[in-house]
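Below: one structure, written as structure tokens.
A, B, ... follow the sequence lines: proteins, then strands. Residue 1 opens every chain. Side chains are part of it too, since the values below use all heavy atoms of this structure and drop only hydrogens, waters and symmetry mates.
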Amino acid sequence: MVAITLPDDSVLSYDNPVSGAEIAAGIGPGLAKAALAVRVDGRLQDLSTPIDADAAVSIITARDDDALELIRHDAAHVMAEAVKELYPETQVTIGPAIENGFYYDFSRPTPFTPEDLEKIEARMRDIVGRDESLVREVWDRAEAIRFFKDQGEHYKAQIIEDLPDGEPITVYRQGDFIDLCRGPHLPSTGKVGTAFKLMKLAGAYWRGDSKNEMLQRIYGTAWPDAKQLKAYLRMLEEAEKRDHRRLGREMELFHIQDIAAGSVFWHPKGWTLYRVLQDYIRARLEDAGYIEVNTPQLVDRSLWEDSGHWEKFREYMFTAETEDRVLALKPMNCPCHVQIYRQGITSYRDLPVRMAEFGSCLRNEPSGALHGLMRVRAFTQDDAHIFCTEDQITSETKAFCDLLMSIYKDLGFEEVVVKFADRPPVRAGADETWDKAETALIEATAAAGLETVLNPGEGAFYGPKLEFVLRDAIGRDWQLGTLQVDFVLPERLDATYIGEDGQKHRPVMLHRAILGSLERFIGVLIEQYAGRLPLWLAPVQVVVATITNAADSYAREVRTALAEAGLRTEIDLRNEKINYKVREHSLGKIPAMLIVGNREAEDGTVALRRLGGKDQEILALAKATARLKEEAAGPLG
RNA sequence: GCCGGAUUAGCUCAGUUGGCAGAGCGACUGAUUUGUAAUCAGUAGGUCGGGGGUUCGAAUCCCUCAUCCGGCACCA
């Protein structure tokens, strides 16, 4: 007797083990046709797998979120089958569902070409049309290894060899294609549907390790229906328009060129944005009890040897030589901050010391990592190091989280992912120290009301860290803020304080940044706003534009009034139609335009037009100026 | 760094089999004095990413380097 409880709490009883397909058929022919998989006591499984014990069962159809992952995973398998049919010499490796789609990694001596992708996609459509059944089989481990080796599928054989003992070896048959897979899968290839598209070719290391062979990865996207596929493709097109590299050019903010790969040429408008942001952060830090310092960029290698960076990051440091010394361009500020801390003697009464610097750092990033403003070789961190006692870690961390979230909110970011990266396999310091540091971080984030996602084993070698992650226009995540607990550097560079007991003690260092790098943050900021920065951040806040040259002198008066109110302005007196000027400044993402013609000049008014707005508003000059000034004040008032 | 693709005017891009290097936008000049997302006309603008090779002849074919794009790896 098997009792199956359905989501509506009704119970069906069967004399023998029953499959999901049979349950669906029992409920109705419509459901039998729509069924894709079943969830049994919370676990997703194939329709065909018999259920031999009492269970809560729900039938998954295309409408369920679970279906999407199945469709994508199956699309990956269909792609593998297509590749094997077209290029039998190819070895298949792994092919999971991912956000928005799927990929499959292949090993093949000759590279795939974009034309191959078209052929593969066409063959995938054939396979979907064939509607091959996906049949699950449990195999004997040794037999499975032998089978895949005979097939020349050495990667698959290796995967099986590395599976833990006792793990059942399941394979899925679809047509003549047999793939090792944990499942579950859809009942047949036809259920994948036709709303998929192969997107791009990429290299990817076997098992994610750069010491291994590089495989060829094909990425695809798949959706339940054509409408959703189309919407996704349209979203990608829109995202492209928000790309900070494109907007940076269109808005005349910055450029990057070959002669200085990985460094930014900031143009006047971009540099204005940079300074506004920096001034804002400076004010917030001052308010939060930080002191600001500035430290050398060229520092003798001995300091980096003492700090441990020379050993670990030597190849990513730029060096310079003078006479008989080797200097490094600083890749980070912390060792220098310790030098300032060490001047004189610090009492426990002085702690915490919150030492901030807009530190210009240089790192020789691998060429393939460079990406617009997001990943550069020369950047400025809004860095600070908090020297404190162990007891102060929790309160300092909480205060930092509060400050960071408040700043992100001011800058327009409400959705922040906070990752907690705990101890890595190779690390410095005793386990008890790590226990203490990790606990302190978790308690502090909870106290700050933040939820964290565990990022296992990804902490720095000297301590656990919090990573504050924002997402760019195309859905890529970028780590911006960070907080890292460090027990090691104070030891290595001999930082001390005198405790209540009159004895020397080691302070703890909290490495922390909010924006991360000014460069990267501005990149994310541009994409977040699609270039339409709020008034207080916009490099040019108002453009005064004339309708005819007869209004020129009045326009100059208007501009002067705005400038006296502290607004960043430009004036457009060109002999062009107002349509032309409006279009051009709109494309330049200028938040406000004051348009003046003969009427305004006579009345002492201005026509205020907001970026993207359809209407204009006629206001007395003084009123318009006062209003814009108020709006431009920003979060600091 | 690795895999794949790309590099032609300031920008976006076309350029057939190896046979005179093109368009649109922008810039400049002139006309126009204009009422809320492109006024008209004209002019200028090129080491076809750099270097090497094959060829009577190379933007086009080969080699090499650089940079960029998409991933992967890395990210103190």
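Residue contacts for A/Q479: at a heavy-atom cut-off of 4.0 Å it reaches no nucleic acid atom on any strand shown. Residue A/Y462 is classed as a sugar-phosphate contact, given heavy-atom separations below 4.0 Å to backbone atoms only. Within 4.0 Å of A/I595, counting heavy atoms only, lies at least one base atom of the nucleic acid. Residue A/F461 is classed as having no contact, given no heavy-atom separation below 4.0 Å to the nucleic acid.
Remark: B/G24 base-pairs with B/C11. Criterion, Watson-Crick or G-U wobble with two distances under 3.5 Å. Pair assignment for B/A6 gives B/U67, based on Watson-Crick or G-U wobble hydrogen-bonding distances that are each under 3.5 Å. In this structure, B/C40 and B/G30 make a Watson-Crick or G-U wobble pair, each of the two defining distances being under 3.5 angstrom. The nucleotide B/C72 finds its pairing partner in B/G1, both defining distances of the Watson-Crick or G-U wobble pair being shorter than 3.5 Å. Remark: B/U54 base-pairs with no nucleotide; criterion is Watson-Crick or G-U wobble with both hydrogen-bond distances under 3.5 Å.
The base of B/U36 does not come close enough to the side chain of A/N579 for any donor and acceptor atom to sit less than 3.5 Å apart. Between the side chain of A/R363 and the base of B/C75, no donor-acceptor pair of N or O atoms lies under 3.5 Å.
Only the C1' atoms considered, B/G45 is 14 Å distant from B/C25, to the nearest whole Å. Nucleotides B/G52 and B/A59 are separated by 14 Å at their P atoms, to the nearest Å. When the C1' atom is used for both B/U36 and B/U16, the distance is 46 Å, rounded to whole Å. Spacing of C1' atoms, B/C72 relative to B/G15, comes out at 35 Å, to the nearest Å. Between the P atoms of B/A23 and B/A41, the separation comes to 15 Å (whole Å). Here the separation of B/C11 from B/C20, taken at their P atoms, is 26 Å to the nearest Å. A distance of about 34 Å separates the P atoms of B/G26 and B/U67, rounded to the whole Å. Between B/G46 and B/U8, the distance separating the two P atoms is 15 Å to the nearest Å.
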With the criterion being N/O to N/O and under 3.5 Å, what pairs connect the protein with nucleotides 60-69 of chain B, and how long is each?
from: B/U67; atom 1: O2'; to: A/D258; atom 2: OD1; distance (Å): 2.4
from: B/C69; atom 1: OP1; to: A/R245; atom 2: NH1; distance (Å): 2.8

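Stacking of A/F313 onto the six-membered ring of B/A76 is present: less than 5.5 angstrom between centres, less than 30° between planes.
Side-chain proximity of A/T548 to B/A37, B/C74, B/U33: nearest is B/U33. Closest to the A/A607 side chain, of the nucleotides B/U36, B/A37, B/A76, is B/U36. When each of B/G70, B/A27, B/U33 is scored by its nearest atom to the side-chain atoms of A/A202, the top-ranked nucleotide is B/G70. Taking only side-chain atoms of A/Y580, from C-beta outward, the nucleotide of B/C74, B/G4, B/A38 with the closest atom is B/A38. Checked against B/G70, B/A76, B/G35, the side chain of A/E600 finds its nearest nucleotide in B/G35. Distances from the side chain of A/Y205 to the nucleotides B/G71, B/C11, B/A73 place B/A73 closest. Nearest to the side chain of A/A460, among B/A76, B/C72, B/U39, sits B/A76. Out of B/A73, B/A27, B/A76, the shortest distance to the side chain of A/A369 is found at B/A73. Considering only side-chain atoms of A/R249, the nucleotide from B/U12, B/U39, B/C74 that sits closest is B/U12. Here the side chain of A/M214 is nearest to one of B/G70, B/C2, B/G35, namely B/C2.
As rounded to whole Å, 8 Å separates atom P of B/A76 from atom CE of A/M332. In this structure, A/N212 atom CG and B/C2 atom C1' are separated by 12 Å, rounded to whole Å. Whole-Å rounding puts the A/L201 CG to B/C72 P distance at 14 Å. Rounded to whole Å, atom P of B/A76 lies 18 Å from atom CG of A/L493. Rounded to an integer number of Å, the gap from CG of A/L587 to P of B/U36 is 17 Å. Distance CE (A/M317) to C1' (B/A76): 10 Å, rounded to an integer number of Å. The separation between A/D572 atom CG and B/G35 atom P is 15 Å, rounded to whole Å.
The backbone N or O of A/L198 lies less than 3.5 Å from a partner atom in the side chain of A/E121, making a donor-acceptor pair.
Applying side chain to side chain donor-acceptor pair (under 3.5 Å) to A/E527 and the options A/R242, A/H244, A/R245 leaves one that passes, A/H244. Just one residue in the list A/W478, A/F413, A/F468 forms a ring pair (Phe, Tyr, Trp, His ring centres under 6.0 Å) with A/F521, and that residue is A/F413.
For the salt bridge (charged side-chain N to carboxylate O under 4.0 Å, His left out) condition, the pairs that include at least one residue of residues 601-616 of chain A, sequence neighbours left out, are A/R610-A/E631.
With salt bridges taken as basic N to acidic carboxylate O contacts below 4.0 Å, one links A/R506 and A/D494.
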Show me the side-chain donor-acceptor pairs of residues 94-106 of chain A shorter than 3.5 Å, one per line, residues at least two apart or across chains.
from: A/E99; atom 1: OE2; to: A/R471; atom 2: NH1; distance (Å): 3.3
from: A/Y104; atom 1: OH; to: A/K156; atom 2: NZ; distance (Å): 3.3
from: A/Y104; atom 1: OH; to: A/D179; atom 2: OD2; distance (Å): 2.7
from: A/D105; atom 1: OD1; to: A/R217; atom 2: NE; distance (Å): 2.7
from: A/D105; atom 1: OD2; to: A/R217; atom 2: NH2; distance (Å): 3.0

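A donor atom on one side chain and an acceptor atom on the other are found under 3.5 Å apart for A/K581 and A/T546.
The aromatic rings of A/W223 and A/Y232 lie tilted to each other, with the angle between the two planes from 30° to 60°.
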